[in-house]
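Proteins get letters first, then strands, A, B, ... in listed order; numbering begins at 1 in each.
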There are 2 protein chains.
Amino acid sequence: MAADSSPRDTKRVTITDVARHAGVSTAAVSKVMRNAYGVSPGMQERVRAAMAELEYRPHAAARGMRGRTYTIGVLLDNVRNAFFADVLDGIREELSDSEYTVLIGAAGFGADEQSRTIRAMVDRQMDGLVLIAPGTPRSEVLSMAATTPTVVIGHHDSSDVHDSVIDADDVGAGLVVDHLVELGHRDIALVSAPGSRSGRWQRPPEIALADGFLQAMDRHGLADRARVHHSAYSDDGGHAAGLALLSGAQRPTAILAGADVAALGIYRAAADLGLSIPGDISLVGYNNTAIASLAPVQLTSVDQAGHTMGLAAARMLIERVEGRRDRAMRTTMTPRLVVRRSTATPSLP
Amino acid sequence: MAADSSPRDTKRVTITDVARHAGVSTAAVSKVMRNAYGVSPGMQERVRAAMAELEYRPHAAARGMRGRTYTIGVLLDNVRNAFFADVLDGIREELSDSEYTVLIGAAGFGADEQSRTIRAMVDRQMDGLVLIAPGTPRSEVLSMAATTPTVVIGHHDSSDVHDSVIDADDVGAGLVVDHLVELGHRDIALVSAPGSRSGRWQRPPEIALADGFLQAMDRHGLADRARVHHSAYSDDGGHAAGLALLSGAQRPTAILAGADVAALGIYRAAADLGLSIPGDISLVGYNNTAIASLAPVQLTSVDQAGHTMGLAAARMLIERVEGRRDRAMRTTMTPRLVVRRSTATPSLP
DNA sequence: CCTCGAATGGAGAACGTTCTACACGACTCC
DNA sequence: GGAGTCGTGTAGAACGTTCTCCATTCGAGG
């Protein structure tokens with residue numbers, strides 16, 4: 001009955017069609033597309049006209065078999081962290097008027113799932129990868145990076161096989177501690193991601209942050225009052241951490257959360273316990289995402305310049321993809337403290 | 001000097017390697033992979049063993065030239081809308097133990113950019129597409145859907161070429177109006193997206209919402225007191241709308257915002273004008289995103305079950321991709337009102 | 001004129017899959 | 001014992017590009 005049972009059978013315009021229409025060879029068309037050497041202006045024009053007329057679009061899968069696919073893959077664990085959105089915007093901006101398309105793999109927090117996603121990207125012959133704080137074993141990232149140009153964002157471990165973009169998280173932690181101490185706080189807690197040095201990453205961002213926090217506390221002679229609580233960087237994770245810290249015996253007067261999302265969870269926990277912010281507790285986030293500046297929240301936070309990190313990552317990646325650089329490099333961003341209304345002088349006991 | 005100048009030259013394991021290693025033909029290996037008909041158990045085993053031993057991973061680009069790529073593309077305008085994250089989670093969950101990989105294209109709000117991203121996905125031979133409230137012209141979506149199985153989320157326009165998943169936005173608006181009227185409100189305003197019926201979509205979600213709102217007001221005999229204000233679904237958009245509505249002459253006592261993000265902007269505007277919520281103004285959001293339940297906010301909102309929408313969309317899409325269904329269908333979700341602390345009896349004048 | 005080199009265009013072999021068509025043997029059925 | 005059928009495996013042609021050679025033309029230099 002249905003003549004067109006499968007929707008797939010509408011034919012695509014191929015390079016052969018363009019070639020025939022322009023009266024040239026497919027090789028010539030290919031050259032024009034890649035603006036390779038050895039094409040006369042006349043041929044350029046004819047071929048371009050034919051492409052336009054037929055609405056030709058190159059078949060990316062076929063390209064993938066030989067050359068580039070003009071696809072950049074970005075791996076992130078979840079889409080809810082607004083910091084990643086900033087990074088993503090930076091990447092997109094840098095690539096917006098290039099031929100590259102950005103595709104995102106949101107792999108979840110599991111290392112296996114992330115590995116699977118990275119492999120999926122490599123198998124799809126993506127030209128380059130941006131991995132945002134990957135949870136996969138380091139060895140796996142290194143072996144993938146040996147094959148596909150890769151930029152790792154977040155992890156402080158450097159390598160000669162992939163490029164890196166990192167934030168000076170230790171400095172960031174220092175800024176926060178200085179600010180809080182200046183306000184008069186002594187009992188300061190850090191809520192950071194579990195941060196097992198798993199998969200043989202030596203310095204994931206949460207470890208760098210924790211180290212910086214402890215050093216700064218030490219610098220102020222408060223090493224023995226520093227506390228670190230581990231929890232996932234999510235709303236629920238922050239909530240649980242908040243409940244644990246704020247209902248415990250030695251209640252801190254200020255908390256630094258390693259991510260704004262987690263800070264909001266702590267905010268919620270404080271409310272649950274009838275504690276006001278910043279009246280009873282000072283709260284600081286990390287990443288300075290859009291939520292931090294939101295009206296009812298007004299969270300003091302550390303700005304990591306996610307947008308700029310994205311720009312840098314994309315630029316570095318394309319250099320590698322196009323073979324303009326063959327040595328690994330790293331870019332380090334300097335964090336900045338943005339003081340809002342969630343921090344204040346501690347209430348007297 | 002550097003012997004391995006290009007990182008690309010490490011050879012991949014191909015189907016041919018597997019075939020040779022197992023002492024069979026490539027065709028046989030291919031059959032085993034796709035568990036096609038006509039393979040003896042013995043062959044199965046030998047081939048699988050060889051694949052495992054060589055750590056074979058199929059080359060997706062090559063697959064794309066003939067059969068499936070086992071890739072599902074999801075288009076969304078921006079990654080910051082938490083509702084999309086819910087949908088995405090649903091899609092991922094449904095596909096988590098299938099062979100399909102989900103790749104996301106975050107295209108921004110521009111129609112052109114979205115079109116480009118959709119085309120990029122089709123060109124990469126993705127097996128199926130999920131488009132979340134696309135801003136591209138309807139005709140373009142239809143022509144792409146003729147070629148690649150597609151599920152459109154959000155737009156109420158139905159079509160016999162793509163499947164749809166929608167929320168009964170009119171019902172949702174009704175729930176809100178009923179709730180507010182019951183509390184004693186009469187002057188209720190809706191803030192919804194510009195909702196030009198652009199690109200020939202007849203019923204994008206914002207239009208459905210506005211229609212439902214007006215009908216519900218009419219049902220309560222309040223048609224002449226209903227007001228609709230248009231603004232972008234963003235924090236700033238909501239802020240502007242809030243200022244306009246709340247500082248104007250006929251101030252409404254309650255506002256329904258078409259998205260939680262916009263509701264937060266209105267929250268901010270109210271604060272700027274010294275109005276308290278819910279003391280002076282009742283405020284309702286839409287989508288019931290995580291921010292709505294946030295401690296300092298406690299926004300009454302309409303839950304759209306994004307997660308379930310994602311599940312449904314993925315399931316429908318795979319049915320189509322695998323050819324188990326050849327007729328378009330649509331799934332409609334029922335919204336649910338979640339009452340929190342941003343709505344109350346109106347203050348007496 | 002002849003030779004050489006540069007500039008331009010084309011032939012055709014990859015690339016790694018899928019899938020149609022067919023070969024072959026072993027059964028079953030009259 | 002011949003004809004059909006079934007089950008299992010393979011050969012080999014696509015698929016749409018890229019890219020390495022090679023052929024041709026044209027001009028300049030001798």
Side-chain angles (χ1 to χ4, degrees), chain A residues 6 8-48 50-51 54-71 99 122-125 127 147 322-323, chain B residues 6 8-47 50-51 54 56-71 99 122-125 127 147 322-323:
Chain A
S6 164
R8 287 284 186 186
D9 43 26
T10 35
K11 281 275 164 287
R12 268 191 85 95
V13 177
T14 74
I15 200 176
T16 317
D17 299 327
V18 175
R20 190 170 21 211
H21 194 261
V24 298
S25 72
T26 61
V29 178
S30 175
K31 280 187 183 178
V32 170
M33 277 197 293
R34 298 171 288 124
N35 38 52
Y37 174 82
V39 185
S40 67
M43 154 110 357
Q44 273 270 354
E45 200 174 337
R46 256 189 310 163
V47 170
R48 293 218 181 277
M51 292 202 297
L54 298 181
E55 297 190 329
Y56 168 72
R57 301 202 317 261
H59 188 294
R63 281 186 142 177
M65 297 223 37
R66 307 246 47 213
R68 306 238 183 94
T69 64
Y70 295 94
T71 310
E99 292 195 82
V122 173
D123 293 346
R124 278 159 188 73
Q125 298 292 108
D127 297 333
T147 264
E322 301 189 337
Chain B
S6 164
R8 286 283 184 186
D9 44 25
T10 35
K11 279 273 163 289
R12 268 189 88 95
V13 177
T14 74
I15 199 176
T16 316
D17 301 327
V18 175
R20 189 171 21 213
H21 195 261
V24 297
S25 71
T26 61
V29 177
S30 175
K31 277 188 180 180
V32 170
M33 276 197 291
R34 298 169 290 127
N35 36 53
Y37 175 81
V39 185
S40 66
M43 156 109 359
Q44 274 270 354
E45 199 172 337
R46 255 189 311 162
V47 170
M51 290 200 298
L54 300 181
Y56 168 72
R57 301 199 323 258
H59 189 295
R63 280 184 142 180
M65 297 222 40
R66 307 247 43 212
R68 306 240 181 90
T69 66
Y70 295 94
T71 310
E99 292 194 82
V122 172
D123 293 345
R124 277 157 188 76
Q125 297 293 104
D127 297 333
T147 263
E322 301 190 336

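Annotation: side-chain contact (heavy atoms from CB on, under 4.5 Å) contacts of A:Arg57 (sequence neighbours excluded): A:Arg12, B:Arg119, B:Val122, B:Asp123, B:Met144. Scanning for side-chain contact (heavy atoms from CB on, under 4.5 Å) contacts around A:Thr71 gives A:Thr69, A:Leu103, A:Met126, B:Arg124, with sequence neighbours left out. Checked against ring pair (Phe, Tyr, Trp, His ring centres under 6.0 Å), B:Tyr70 has the following partners two or more places apart in sequence or in another chain: B:Tyr100. In this structure, B:Arg63 has no side-chain hydrogen bond (donor to acceptor under 3.5 Å, both in side chains) partners at least two apart in sequence or on a different chain.
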Polar atom pairs between nucleotides 5-9 of chain C and protein, under 3.5 Å, N or O only, would you list them?
from  : atom 1 : to      : atom 2 : distance (Å)
C:dA7 : OP2    : A:Tyr37 : OH     : 3.0
C:dG9 : OP1    : A:Ser40 : OG     : 2.8
C:dG9 : OP2    : A:Ser40 : N      : 2.8
C:dG9 : OP2    : A:Ser40 : OG     : 3.1
C:dG9 : N7     : A:Lys31 : NZ     : 3.2

What's the verdict on side chain to side chain contact (heavy atoms under 4.5 Å, CB included) for A:Val13 and A:Glu55, showing C-alpha distance, side-chain angles and the deciding distance? CA-CA 8 Å; A:Val13 177; A:Glu55 297 190 329; 5.9 Å; no
Residues B:Met51, B:Met33; criterion side chain to side chain contact (heavy atoms under 4.5 Å, CB included); working and verdict: CA-CA 10 Å; B:Met51 290 200 298; B:Met33 276 197 291; 3.8 Å; yes
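Across the protein-nucleic acid pair, A:Arg20 atom CZ and C:dG10 atom C1' stand 16 Å apart, rounded to whole Å.
Residues B:Val13 and A:Arg66 both approach DNA chain C. Their nearest nucleotides, taken by heavy-atom distance, put A:Arg66 toward the 5′ side.
Think of the region where chain B sits on DNA chain D: with heavy atoms and a 4.0 Å cut, that region ends 5' and 3' at D:dG7 to D:dG16.
Across all their heavy atoms, A:Val18 and A:Val47 have their closest contact at CG1-O, 4.3 Å.
A salt bridge (Lys or Arg N to Asp or Glu O under 4.0 Å) check over residues 21-45 of chain A, counting only residues at least two apart or in different chains, returns nothing.
Inter-axis angle, ends of the helix from C:dC1-D:dG30 to C:dC30-D:dG1, five pairs per end, rounded to 10 degrees: 50°.
Annotation: the span from B:His59 atom NE2 to A:Met65 atom CE amounts to 6.0 Å, rounded to 0.5 Å.
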Review item, side-chain donor-acceptor pairs of residues 20-28 of chain A, under 3.5 Å, at least two apart:
from    : atom 1 : to      : atom 2 : distance (Å)
A:Arg20 : NH2    : A:Asp17 : OD1    : 2.8
A:Ser25 : OG     : A:Ala27 : N      : 3.4
A:Ser25 : OG     : A:Ala28 : N      : 3.1

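For C:dT18, the OP1/OP2 oxygens have no side-chain nitrogen or oxygen of B:Arg68 closer than 4.0 Å.
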